[in-house]
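First the structure, in the form of structure tokens, and then the observations on it.
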Amino acid sequence: MECQECHERKATLHFKHIINGQETKISLCEVCAKKKGYLSYPEEGYSLNDLLSGLFQKDGLNLSSTGATKSNQSQELKCASCGRTFSEFKKAGKFGCANCYASFGAKVEPILRRVHAGNTKHTGRIPKRAGKYIQQKRLISSHKEELKQLIEEEEFEKAAVLRDKIRELEKENHQNKEAGDNT
Amino acid sequence: MTLESFINEAISPWMLEDGPDKDIVMSSRVRLARNFADKLYPTSGNQEALEEVLQFIRKNYTQQEDTEQDSISFIPMKNLSMIEKLVLVEKHLISPHLIKHSDHAAVLLSAQEQTSIMVNEEDHLRIQVYYPGLQLRKALEEAYYLDDWLEEKADYAFDETKGYLTSCPTNIGTGMRASIMMHLPALVLTKQINRLIPAINQLGLVVRGIYGEGSEARGNIFQISNQITLGKSEEDIVEDLESIVNQLVEHERMARVYIYEQSEISLEDRVFRSYGTLKNSRIIDSKEAAICISNLRLGIDLGIIENISENILNELMVLTQPGFLQHYANKALRSDERDIRRASIIRERLNLKK
Ligand SMILES: [Zn+2]
Ligand SMILES: [Zn+2]
């Protein structure tokens, strides 16, 4: 496939855009992708992040040029811990600290959804030492699923055993949480 | 410096080990991005916070702390010359970003150079683990081991629903990027790669060339990695990537058989011309070198050329990079000087036979 910009080189990068709800695809060579600002650190080996940050940087620019956000600028969102504003975040494509997520709240969600194919919930690894409470919580919720299944299958004896186990885990985990909160 | 010891420097020890499908899959890499909970990120530009993180790592993770196989040394970026830093980038042990922001940056490097942990890159920690051939699961396990080791003494920035909180939203969730480096000369030669890349992109994976700045994958070397880090577990991401890579390996093997059967003589011609160029040229730019090295490696894989190590591709791709050429010359070189030096180092290497 040839590059849709220069029509000379081979297109090796493929971008998906959502503009006004319309999905468009564009295929570019790296040279043109660089020129159009899709790649902000072109010389890096792993420029995927930069490539994607370029993606929503573009949206950010579109937004601010419509004037719709102008009135909001006086009361712009700002992270209290690191001082980064939401527009600074959009421009750089980077957060400044762990609290930025909470600070920018719901405004971050659509960005995450776009970058991660609609996903918004982490289902992977949990820190081994500090994440015991969360690990336990995940275990409890999977047991609860099992419990529902057992009840549906009218396996009441097994269900009772599992129910007791869940109660015990919940009690234990409540203590875990309090211990965790105190540190 | 003798060429032998220089090659030893260019090739990380782990690269010489065997791995599944190593004739096509050059390496597997897993990278985890992590941040500490109560420190501003490197992206905030807060120098104090960066220095604190650097000192914390130096103090807590450099004294006789060993991973299972390998001892780890702490190397502050400040202590390295520009060429030394470039060499680490060309070996893919640190990123260009780390060089650009090297005042408070460091790397924890294992003796085998199989694992490197960048400190104060875009995130506080970037854990990288390499394995030869297709071994993503092993790389993931080793990365987990290091992850747990690092988390023992400080809390990570982690959220129950968002996962590991990275400085860039593209890494949030698992913070994991798994990637595979592959040599796909036959898929390029038969132009099948042009059909395959868009199909792979559709599956949420990214394909790109890793050497050279042009549009093509220089030396027919491609990197395939996951794009999505949120909403899928690390194991699922790795499994999906591996299954695609397995299919690519299969396609590449079939394409190799096809071009060999289609016209043995023209394939031999291509391979031997490249061999001749590498053996005889006095000036060679990196682009031509990459093409010839790729053809030579294909010739070795198909048994057309014997008595040359199959590591030639990995070796020469690193040895002929600008940083390494200057490191070998022990001085800065202009690009025309590099082309001369590149030709001579390739000739020398091929005379070593091995
Ligand atoms: Zn183009
Ligand atoms: Zn912040």
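Quick note on labels: first sequence line is chain A, next is B, and so on, each numbered from 1. Source: prediction; values computed, not measured.
- Nearest heavy atoms, Cys168(B) versus Gly93(A): SG-O, 3.8 Å.
- For Val207(B), the part lying under 4.5 angstrom from a heavy atom of chain A is the backbone only.
- Closest heavy-atom contact between Phe95(A) and Tyr41(B): O-CD1, 3.9 Å.
- Nearest heavy atoms, Met1(A) versus Asn194(B): N-CB, 4.2 Å.
- Heavy-atom minimum distance, Leu165(B) versus Tyr101(A): CB-CE1, 3.4 Å.
- A donor-acceptor pair under 3.5 Å is absent between the side-chain atoms of Ser44(B) and the main chain of Cys82(A), judged by distance alone.
- The two residues Leu40(B) and Cys97(A) come nearest to each other via the heavy atoms CD2-CB, 3.7 Å.
- Interface summary for chain B: among Gly118(A), Gly124(A), Ser27(A), the most heavy-atom pairs under 4.5 angstrom belong to Gly124(A).
- Neither the backbone nor the side chain of Glu2(A) comes within contact range of chain B; no heavy atoms are under 4.5 Å apart.
- None of Ile172(B), Thr170(B), Ile228(B), Thr229(B) except one satisfies the side chain to side chain contact (heavy atoms under 4.5 Å, CB included) rule with Val115(A); the exception is Thr170(B).
- Closest of all the heavy-atom pairs between Asp155(B) and Ala130(A) is OD1-CB, 3.7 Å.
- In this structure, no portion of Ala33(B) lies under 4.5 Å from any heavy atom of chain A.
- Between Thr174(B) and His122(A), the closest side-chain pair of non-hydrogen atoms falls below 4.5 Å.
- Using a distance-only test at 3.5 Å, with no hydrogens or angles considered, a donor-acceptor pair links the side chain of Glu151(B) to the main chain of Arg129(A).
- When each of Ser167(B), Gly204(B), Ser233(B) is scored by its heavy-atom pairs under 4.5 Å with chain A, the top score falls to Ser167(B).
- In the displayed structure, Glu153(A) atom CD is contacted under 6.0 Å by more than 12 heavy atoms of other residues, nucleotides or ligands.
- A salt bridge is defined here as a Lys NZ or Arg NE, NH1 or NH2 lying under 4.0 Å from an Asp or Glu carboxylate O, and Asp148(B) with Arg125(A) meets this definition.
- With respect to the salt-bridge test (charged N to carboxylate O, under 4.0 angstrom), the residues Lys137(A) and Glu160(B) qualify.
- Ranked by heavy-atom pairs under 4.5 Å with chain A, the first of Ala49(B), Ala37(B), Gly173(B), Pro42(B) is Gly173(B).
- A donor-acceptor pair under 3.5 Å links the side-chain atoms of Lys162(B) to the main chain of Thr120(A), judged by distance alone.
- By number of non-hydrogen pairs under 4.5 angstrom with chain B, the leading residue of Val108(A), Asn99(A), Ile134(A) is Ile134(A).
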